[in-house]
Amino acid sequence: MTSRRQILTSSSLILFIISYVLLFHSSIGAVQAQSSAFVAPNCSADSYAANSIFETNLNNLFSSLSSKSSNSNSDNDTEGEDPDLVYGLFLCLGDLSHDSCQACIQTAISGISQECSQKRQGLIWYDYCMLRYSDDNFFGVVDANGSNYTNPAHPKEGSTEPLEKMSKIVQEAPYQPLKFETFSLGPETAFGIAQCTSDLSSEGCEQCLATILAANKACCANIKGWRYLSPSCWIRYEPTFFLLPDNQDNKIESFNCTGDMYNANSTYQINLGDLFASLISKSLSSESDNDTVGDDPDHVYGLFLCQGNLSASDCQNCIRNATSDIQLLCSRTRGIIWYDYCQLRYSNVSFFGIADTEGFFSTNPDTSAKTNSTEPVDMVSKLVQEAPNRRPLMFASNSSPSASLFGIAECTMDLNSTECGRCLKTILEDIRACCVESEGWRYFSPSCWIRYEPTSFFDVDLAPPSPTGGGGGGGGGGEFFLALLEIT
Ligand SMILES: *[C@@H]1O[C@H](CO)[C@@H](O)[C@H](O)[C@H]1NC(C)=O
Ligand SMILES: *[C@@H]1O[C@H](CO)[C@@H](O)[C@H](O)[C@H]1NC(C)=O
Ligand SMILES: *[C@@H]1O[C@H](CO)[C@@H](O)[C@H](O)[C@H]1NC(C)=O
Ligand SMILES: *[C@@H]1O[C@H](CO)[C@@H](O)[C@H](O)[C@H]1NC(C)=O
Ligand SMILES: *[C@@H]1O[C@H](CO)[C@@H](O)[C@H](O)[C@H]1NC(C)=O
Ligand SMILES: *[C@@H]1O[C@H](CO)[C@@H](O)[C@H](O)[C@H]1NC(C)=O
Ligand SMILES: *[C@@H]1O[C@H](CO)[C@@H](O)[C@H](O)[C@H]1NC(C)=O
Ligand SMILES: *[C@@H]1O[C@H](CO)[C@@H](O)[C@H](O)[C@H]1NC(C)=O
Ligand SMILES: *[C@@H]1O[C@H](CO)[C@@H](O)[C@H](O)[C@H]1NC(C)=O
Ligand SMILES: *[C@@H]1O[C@H](CO)[C@@H](O)[C@H](O)[C@H]1NC(C)=O
Ligand SMILES: *[C@@H]1O[C@H](CO)[C@@H](O)[C@H](O)[C@H]1NC(C)=O
Ligand SMILES: *[C@@H]1O[C@H](CO)[C@@H](O)[C@H](O)[C@H]1NC(C)=O
């Protein structure tokens, strides 16, 4: 490792802050994640000549990596022969769909070609991927030399929990199939990831992550929102969901996966696929339904919920997206994912009929205005009384444009009215404790939801899933740019 040539001189470091977007909020919700923002490249000083063999090799390498990114989240390759041999590697966030990964790598290829134009070594980071090439063999070499970035708003971190969770996944990630692990926290949301490039051994990965975690502790732990990017591994923690590219109309608000990992092509995974197909089909005729598939130990139970008066096609599109997104986010025996307008839950253990109130809250991120008015909570309180007695759907809503009061209370259909009432009352108490001064709040739990907004959230028109089937967009490259970075 010490014999390794210094591949890049610090004087050649280029950091272009084109602009950044404030992605951080103490709450989750409609954060404006605009496209292209910040590119963090690191290029060598040495150049190659235009129309040289090296250039041809590099272009061939790029097309090979682009093609590999359509079926892997991290891979490496080489092109040519000494002295024009070029080594290349890419890394996509572990949960990214292959389509999204390839789109990100294509963006990165144009990005690195511009930022590191005619350089013999280059490295570029985006929100969802990283691309690196060099005339020096770096495969398998741990390079933890990177940079820290923090939430530009610098909100103080009061809890030690995010760092504790990160310390845990930093030890787990090296032993996962994609050297990738995530965490989620509630009831105030927080999300984290740790990941290494695929060329490292598990031991190398451990070493890399331990190094950047220590560096990150030194600089950033007291801020709510940070990331540390190095050539061989990265970690990131944010109070808002960032694990898949954003869909503004119907954002992923939270997810939670527990239990053991299930194996690819296992009976459990096959049963899960059948369960999801059934739930997608049921979501065209009901806003909430459940099903089960298989026998112990591969028995899987599932349930979905859509906002009570969502159109049938929107409900189905939302559930279809949820089935593909949750499989990208977790390969665990139990999972739940919440969107603005629907949720999907599955488990190897029956959870039907019993209210589970362990969810998350959020306040309207578009306003920091405080209110003393008790009207919103009184309105939702009334809905909480009404919903359990409505059948078959335990859904009650209020729409008062003149008073700027819109609200819902809703339970999953597997509960009886008593359980529904218990669920709604519990989360209403949680809202009273956290959020009633905000103009807009919600509490979503696995078994029931309440939500109040000063503007209508009923007349939504959600786009159908992309032809390639959800997984978080794959369109233009802009969405992959590294947003929100500020070097501390
Ligand atoms: C990728 O890197 C690994 C680890 O160093 C190495 O074993 C493998 O041969 C490389 N793959 C290619 C195609 O160069
Ligand atoms: C990190 O950088 C320092 C100095 O810039 C260098 O001495 C060290 O070898 C590098 N470490 C790795 C793992 O590349
Ligand atoms: C760029 O690479 C050089 C050499 O590896 C390293 O010293 C420097 O810290 C890197 N810069 C960033 C921002 O990662
Ligand atoms: C995730 O689920 C587990 C088990 O049900 C629960 O203990 C934990 O609080 C949940 N975490 C979040 C963030 O919802
Ligand atoms: C954090 O980043 C700043 C700016 O690049 C740097 O000066 C500082 O040393 C970094 N801190 C750590 C612990 O890496
Ligand atoms: C469900 O999965 C957990 C671990 O993921 C396991 O401990 C438990 O025995 C399983 N339960 C059943 C009924 O299969
Ligand atoms: C799972 O099955 C698919 C299709 O049969 C196959 O392409 C893939 O390699 C299998 N994966 C594993 C890990 O066995
Ligand atoms: C759905 O849940 C209800 C209530 O617990 C239960 O009676 C019903 O059997 C479940 N449906 C399926 C298909 O499992
Ligand atoms: C489903 O996902 C696609 C692709 O990300 C998105 O365009 C669409 O709006 C999503 N639909 C819903 C209902 O969330
Ligand atoms: C409602 O469901 C709960 C939990 O399953 C059960 O304990 C309770 O007896 C049920 N109440 C009625 C009235 O059926
Ligand atoms: C709202 O409460 C604050 C104290 O929490 C008080 O200073 C303010 O006067 C109140 N405003 C109204 C309109 O009651
Ligand atoms: C949904 O409910 C709201 C509030 O009750 C109502 O204004 C709206 O028209 C309903 N939408 C549909 C499609 O039923």
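The figures that follow rest on heavy atoms only: side chains count, while hydrogens, waters and symmetry mates do not. Remember, it's 1-based here, ligands and their atoms both numbered in the order they're listed.
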Legend entry - Any donor-acceptor pair under 3.5 Å from D314 side chain to L310 backbone: no
Inset, instruction - Could you tell me whether the side chain of Q343 and the main chain of L305 form a donor-acceptor pair under 3.5 Å? - result: no
What atoms of ligand 9 come within less than 4.0 Å of a heavy atom belonging to [X]?
X    : answer
N321 : 1 (C), 2 (O), 3 (C), 8 (C), 10 (C), 11 (N), 12 (C), 14 (O)
N317 : 13 (C)
N250 : 12 (C), 13 (C), 14 (O)

Inset, instruction - Below 4.0 angstrom from a heavy atom of N416, which ligand 10 atoms are there? Numbered from 1 as shown, please. - result: 1 (C), 2 (O), 3 (C), 8 (C), 10 (C), 11 (N), 12 (C), 14 (O)
Inset, instruction - Heavy-atom contacts with G353 under 4.0 Å: which atoms of ligand 10 show up? List them by number with element. - result: 4 (C), 5 (O)
Legend entry - Heavy atom of protein inside 4.0 Å of atom 7 (O) of ligand 10, strictly below: no
Inset, instruction - Flag atom 14 (O) of ligand 10 as yes if some protein heavy-atom distance to it falls below 4.0 Å, otherwise no. - result: yes
Legend entry - Neighbour count above 12 (heavy atom, 6.0 Å) for N71 CG: yes
Inset, instruction - Please verify whether a non-hydrogen atom of S147 lies at under 4.0 Å from ligand 5. - result: no
Inset, instruction - Would you please determine whether Y149 falls within less than 4.0 Å of ligand 5 on a heavy-atom basis? - result: no
Inset, instruction - For the cysteine pair C330 and C257, state whether the SG atoms are less than 2.5 angstrom apart. - result: yes
Inset, instruction - Give a yes/no on whether the SG-to-SG distance for C420 versus C448 is below 2.5 Å. - result: no
Legend entry - Selected option - heavy-atom contact closest to atom 10 (C) of ligand 5, from N148, N216, I212: N148
Legend entry - Numbered atoms of ligand 5 (with element) below 4.0 Å of A215, judged on heavy atoms: 13 (C)
Inset, instruction - Could you tell me whether the side chains of Y452 and N398 share a donor-acceptor contact shorter than 3.5 Å? - result: no
Inset, instruction - Would you check if there is a donor-acceptor pair between the side chains of W338 and E253 at a distance under 3.5 Å? - result: no
Legend entry - Nitrogen or oxygen of E419 less than 3.5 angstrom from that of ligand 10: no
Legend entry - F457 six-ring face occupied by R451 cation (under 6.0 Å, within 45°): yes
Inset, instruction - Kindly assign one of parallel, tilted or perpendicular to the pair F406 and F458, based on the angle between their ring planes and the thresholds 30° and 60°. - result: tilted
Inset, instruction - Could you establish whether N247 and ligand 9 come within less than 4.0 Å of each other, counting only heavy atoms on the residue side? - result: yes
